[in-house]
Amino acid sequence: MSENNDVLTFKEGLAGRLRLNRPKALHSLTREMCLDMTAALEQWRDDPDVRIILIDHAEGRGFCAGGDVVSIVKSVEGQGRAARAFFADEYRLNHLEYTYRKPGVAFMDGITMGGGVGIACPCRYRVATENTVFAMPETTIGIFPDVGGGRYLSRLRGRLAQFLSLTGARLDGAECKALRLATHYIKSEKLEEVKARIMEDPFRVQAILDEAAETDLPDARIMSNLDIINKCFASDRIEDILDCLDAEAEAGNDWAAKEAATIRKKSPMACKVSLKLMTESPKQLHFVDEMQMEYGIMVRLIYHPDFVEGVRALLIDKTNDPQWSPADPAEISDEEVETFFEPLPPEERWTPLD
C-alpha cells in the first residue's frame, strides 16, 4: 500500500486498487497523488497477479472533484512552475491509463469533475450511480476542459461538446449513461458486492457489471434538450451562440435564458479557447497528440490573468465575482485564440512516460 494517505494503492484479490482518500477536498488530485497512482500502475503493468484496475474513492460525496488548482496558485515555488509540473504529471497519468493493457473500472459514485473525468474516462468500464455528478466546469476558473476532455467531449453527438464545455453543465448518472460517458448505471448500494466479485473473477468483469446494471433508469433530462442545443450551439463563435440563446429567451424559453446567463459568467478567453479545442481535438490522431496539444494550451492559459482571478473568485475568496480580462468576448480576436494552440518549443513540450 502507498504511504501517501491521500490515495491508497494496493492489491486485493486479482485487482490493483486506486482509492482516492481526500474526502474534505472531495478527493481533488494533488501532484503527489498523480505520481503515486502512476507508480502503482507501472508496478502492476507486468504483475501476473493484477488482472484488472479498480478506481474509486474511500468515502464522502466526491469521486474526484478535479485537480487541486488552489495549491498551484498558492505554491511557494511559483504558480507557473507548480502548474507546469502538476499538469505534466497529471497528463502522464491520464495517458498511462488510456494506453494501459489491463482493463480499468472507474466507479464514478459522486462528484466527477475535471481531473476526475481525466482518471475515469480512460477506463474501459465507467460506472455511474444515482450519486454521479459529471461535469467539465473549467471555464469557470479561466481554463478549458483538459485531461483529455477535448477528445471525450468532441466525440459526443451533435453540439453537446460546445454546450458542455461552455456551460460546465452537470450531468447525472442517467445522463452519463445515455451519452455513453458511462458504460453502466448501477445503484450505489450494489457497488461493494460488484467490486468483490470483480476482484475474485476479473475475467467476467463485463458480465458482472451487466448483471448488476439497472435496466429501468431515470429519464436522461439532457436528451429532451438535444434539438435546442444543436440549434443554439451550432456555431463555433461564442457571440453567435449567445445571440441564438438570447433570441430563444426573448421568445419565452427559460432554459435558453438560464444557459446564456451561465455562459456570461465564464471567462470569455477560456470559452473561446474551449470552442476552438472542440474543432481541433477530432483532428488529433492519437491520445498522445491530444495531450501534447492540451498541455501547450494549458501552460499558456495559466499565465493569463483569468486563471488566477477565477481560482480566487470561485475557490479561495468564494465571492463568485470574477473580473475577467477582457470581459467582452468581442474584444478577443481569432488570432489571439490561435496563439494558445501553437506548438511549444521542442524542449518544453509534454512527453509521455517512457
Side-chain angles (χ1 to χ4, degrees), residues 29 34 38 41 66-67 83-84 86-101 104 106 112-124 126 134-139 142-166 168 176 179-181 183 233-238 269-302 304 307 334-354:
L29 300 174
C34 294
T38 297
L41 289 173
R84 282 174 177 259
F86 172 79
F87 290 114
D89 288 327
E90 183 185 26
Y91 292 6
R92 286 185 180 119
L93 171 62
N94 301 148
H95 180 265
L96 176 60
E97 283 189 68
Y98 196 93
T99 57
Y100 208 63
R101 291 181 300 175
T112 305
M113 295 184 181
V117 174
I119 61 174
C121 279
C123 293
R124 186 178 305 176
R126 303 172 299 280
F134 182 108
M136 295 293 277
E138 283 79 5
T139 52
I143 50 178
F144 67 100
D146 65 323
V147 292
R151 190 174 189 87
Y152 306 131
L153 296 185
S154 68
R155 284 157 174 77
L156 296 176
R157 67 185 70 182
R159 301 295 288 182
L160 281 169
Q162 291 70 22
F163 167 69
L164 293 173
S165 61
L166 289 187
C176 288
L179 298 181
R180 299 184 182 179
L181 290 166
T183 59
F233 289 80
S235 175
D236 292 322
R237 297 182 69 251
I238 188 174
M269 181 63 81
C271 286
K272 288 211 165 190
V273 168
S274 297
L275 283 175
K276 184 169 177 59
L277 177 71
M278 297 308 151
T279 67
E280 295 299 321
S281 288
K283 304 173 187 176
Q284 308 308 308
L285 186 59
H286 300 293
F287 193 67
V288 67
D289 303 316
E290 176 72 28
M291 300 315 292
Q292 286 180 336
M293 178 178 69
E294 290 188 8
Y295 182 76
I297 300 168
M298 185 62 79
V299 297
R300 292 185 173 97
L301 268 182
I302 58 175
H304 190 277
F307 174 55
D334 292 343
E335 289 73 22
E336 286 180 87
V337 175
E338 287 170 3
T339 61
F340 289 95
F341 290 79
E342 294 175 359
L344 290 172
E347 67 276 11
E348 296 182 30
R349 289 177 193 169
W350 177 86
T351 56
L353 295 166
D354 292 336

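Just so we're clear, the structure is a prediction, and the values are computed from it rather than from any experiment.
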Using a 4.5 Å cut-off on heavy atoms from C-beta on, say whether the side chain of [Y] contacts that of [X].
X      : Y      : result
Leu160 : Leu153 : no
Val288 : Tyr98  : no
Ser281 : Met293 : yes

Please confirm whether Lys276 makes a cation-pi placement over Phe340, using NZ or CZ under 6.0 Å from the six-membered ring centre and within 45° of the ring normal.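 So Lys276 doesn't make the cation-pi contact.
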How far apart are the C-alpha atoms of Leu181 and Leu156, what are their side-chain angles, what is the distance that settles it, and do they pass the side chain to side chain contact (heavy atoms under 4.5 Å, CB included) test? CA-CA 9 Å; Leu181 290 166; Leu156 296 176; 4.1 Å; yes
Tell me whether Arg180 at atom CZ has more than 12 heavy atoms from other residues, nucleotides or ligands lying less than 6.0 Å away.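 Atom CZ in Arg180 is not packed in, count stays at 12 or less.
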Does Arg92 pair with Asp354 as a salt bridge, N-O distance under 4.0 Å?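 Salt bridge between Arg92 and Asp354, a charged N being under 4.0 Å from a carboxylate O: no.
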Salt bridge check, Glu294 against Arg151: does any charged N sit closer than 4.0 Å to a carboxylate O?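 No salt bridge links Arg151 with Glu294.
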Is there a donor-acceptor contact under 3.5 Å from the side chain of [X] to the main chain of [Y]?
X      : Y      : result
Arg126 : Ala106 : no
Glu290 : His286 : no
Thr339 : Glu336 : yes

Can you measure from CG (Leu277) to CD (Glu138) and round to the nearest 0.5 angstrom?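 Atom-to-atom, Leu277:CG and Glu138:CD are 10.5 Å apart.
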Does a donor on one side chain and an acceptor on the other come within less than 3.5 Å for Tyr91 and Asp146?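 Note: Tyr91 and Asp146 side chains meet the donor-acceptor criterion.
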Apply side chain to side chain contact (heavy atoms under 4.5 Å, CB included) to Phe287 and Thr99, showing your working. CA-CA 9 Å; Phe287 193 67; Thr99 57; 5.6 Å; no
Side chain to side chain contact (heavy atoms under 4.5 Å, CB included) assessment of Trp350 paired with Met291: CA-CA 8 Å; Trp350 177 86; Met291 300 315 292; 3.6 Å; yes
For the residue pair Phe233 and Phe163, does the interplanar ring angle fall in the parallel (under 30°), tilted (30 to 60°) or perpendicular (over 60°) class?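 If you compare the ring of Phe233 with that of Phe163, the planes turn out perpendicular.
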Write down the atom of Leu41, the atom of Tyr100, and the distance for their closest heavy-atom approach.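 Shortest heavy-atom separation between Leu41 and Tyr100 comes out as O-OH, 2.5 Å.
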Any idea which heavy atoms bring Glu342 and Arg300 closest together, and the distance?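 Residues Glu342 and Arg300, closest heavy atoms: O-NH1, 2.7 Å.
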Show your reasoning for whether side chain to side chain contact (heavy atoms under 4.5 Å, CB included) applies to Gln162 and Leu275. CA-CA 6 Å; Gln162 291 70 22; Leu275 283 175; 3.7 Å; yes
